[in-house]
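These numbers were taken from a predicted model, which means no experiment stands behind them.
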Amino acid sequence: MKIPKAYVPTLLSAIRDSVLYNEQLLTSETLRDRDDYEEHYVHLTQFFEYLKEEYVNNEEQYGLKLEQILPEEMANKQINKD
């Protein structure tokens with residue numbers, strides 16, 4: 001599969017939004033089949049990390065730095081380093 005370069009920032013943003021949504025979903029007390037959602041969440045976070053790594057490795061192709069697309073991710077990395 002070949003994803004057009006213009007769609008890659010949108011893909012990163014969409015997966016990030018999905019990760020955030022699923023984090024909140026897992027806090028719901030009425031959630032059924034929690035194990036399925038937790039597994040889905042793990043896959044989403046792994047995919048998100050993979051996408052970020054691939055994006056950074058090919059940033060020059062996209063014209064935007066990762067921190068321009070996902071500034072909160074870079075802020076989180078700084079907090080985790082400290």
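The CD atom of E54 sits 10.5 Å away from the CG atom of L12 when rounded to the nearest 0.5 Å. Taking CD1 from I15 and CG from L51, the interatomic distance works out to 6.5 Å, rounded to the nearest 0.5 Å.
Side-chain atoms of S13 do not come within 3.5 Å of backbone N or O of P9 as any donor-acceptor pair. Under the 3.5 Å distance criterion, the side-chain polar atoms of Q61 are left unmatched by any main-chain donor or acceptor of N58.
Following chains of ILVMFWY side-chain contacts shorter than 4.5 Å, one cannot reach L20 starting from F47, and the two form parts of different hydrophobic clusters.
Within the structure, the salt bridge (charged side-chain N to carboxylate O under 4.0 Å, His left out) test picks out the following pairs touching residues 2-25 (sequence neighbours left out): R16-E72. The ring pair (Phe, Tyr, Trp, His ring centres under 6.0 Å) pairs that include a residue from residues 5-40 number zero, where partners must be two or more places apart or lie in different chains. Pairs of residues two or more places apart, or lying in two chains, never qualify as salt bridge (charged side-chain N to carboxylate O under 4.0 Å, His left out) while including a residue from residues 27-41.
Partners of Y55 by ring pair (Phe, Tyr, Trp, His ring centres under 6.0 Å), not counting sequence neighbours, listed by chain and number: Y62. Every residue meeting the side-chain contact (heavy atoms from CB on, under 4.5 Å) condition with V56, not counting sequence neighbours, appears here in chain and number order: E59, L66. By the side-chain contact (heavy atoms from CB on, under 4.5 Å) test, T10 is found to be paired with no residue, residues two or more places apart in sequence or in another chain being considered. Residues passing the side chain to side chain donor-acceptor pair (under 3.5 Å) test with T27, sequence neighbours excluded: none. When the side chain to side chain donor-acceptor pair (under 3.5 Å) test is applied to Q46, no partner is found at least two apart in sequence or on another chain.
F48 carries K52 over the face of its six-membered ring, with the cationic atom under 6.0 Å from the centre and within 45° of the normal.
I3 places a side-chain heavy atom less than 4.5 Å from the side chain of M1.
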